[in-house]
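Notes follow the structure.
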Amino acid sequence: MNPEDLQSLPPREGRRAGAILGLAVGDALGATHEFCSPEEVPEGPLGMVGGGWLDLEPGEATDDTALTMAVLAGYEGGSLDLRRVRDEMLSWQDTDPKDIGNQTRKALDYLRVHPEALSLPEDPDAQGNGAVMRAASHGAKAGSAEEAVENAWIEAALTHPSWEARASGALVAALVANLIDGVRPEGALNASYALVEGRDEPGKHVRETLRPLDGYEHDPGGWTVYTTRLALLGLLDAPDFRPGLERVIRLGGDADTNGAVAGAVLGARFGVGSIPSEWLHDVRGREDLLHLL
Ligand SMILES: [Mg+2]
């Protein structure tokens, strides 16, 4: 489906496509600026120019999009098949990807030698971005926001078995599901907190831990709590897809994952028709993502 045909999708389908293509677009745009300071990101509109520390081709996406495809493939039979997700992730690791997070590599090495395991042993330090970067897929594929929360919570522990990573993934999944259903952002966020807060633990409250950032603060780099809070601020604050996403990516830091998560929620809010057509045209993997959707 070319970018022009995407404009004519019915509204709900347009928001589903917007969530997943918004994720890939945010990944590919942000990867150019990963590990930059805000001052190092050039002024003017952001383009699909590739480069960055991974020396990417223009429009090339990274692990955020690849892992999202692994989760989407896990829904091919209709409901979530964790074994399929695990196998897809292991196959991706076999391709020697340009970028793979430390925790994700460690987890996949573990799953490879423990074929019966579908989660890692609980690890409170596993708070990297590896789970939240792929969580929007549950919001786009599960049958309801409730199911999206349940699936994201379980699936996050394939690689990131901490409360913070699971709660981040579950919240983003619920938010994407609610936005696709056409709920306005504030209402969608409130409904999503309500679905996740039953999983609060002593001293860990989703409404508090994952509240929107107060402002566009510098990125400490690759922390699931920061990336989620930044995406929530970007969502609530954005007049449209492009300015919302550009503001997030301009902070640098883990710009590809920040861009992926923000791109997913912005795409779910504004729909695929709001994504600039030159970005949709240039992003790699568009047809594969739509096929899995
Ligand atoms: Mg990445």
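Order of listing sets the numbers, starting from 1, for every ligand and every atom in it.
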Item to check | Partners passing ring pair (Phe, Tyr, Trp, His ring centres under 6.0 Å) against Y193 (at least two apart in sequence or in another chain) | outcome: none
Atom of [X] closest to the Mg ion (ligand 1), considering N, O or S atoms:
| X | value |
| --- | --- |
| D256 | OD2 |
| D63 | OD1 |
| D64 | OD1 |

Checklist entry - Should D94 and R112 be marked as a salt bridge (charged side-chain N to carboxylate O under 4.0 Å, His left out) after you check the CA-CA gap, both sets of side-chain angles, and the distance that decides it? => result CA-CA 11 Å; D94 287 338; R112 204 176 281 278; 3.1 Å; yes
Checklist entry - Would you call M89 and T159 a side-chain contact if the rule is heavy atoms closer than 4.5 Å? => result yes
Checklist entry - Is there side-chain contact between H160 and T104, with at least one heavy-atom pair below 4.5 Å? => result yes
Checklist entry - Is the Mg ion (ligand 1) under 2.8 Å from any N, O or S atom of T65? => result no
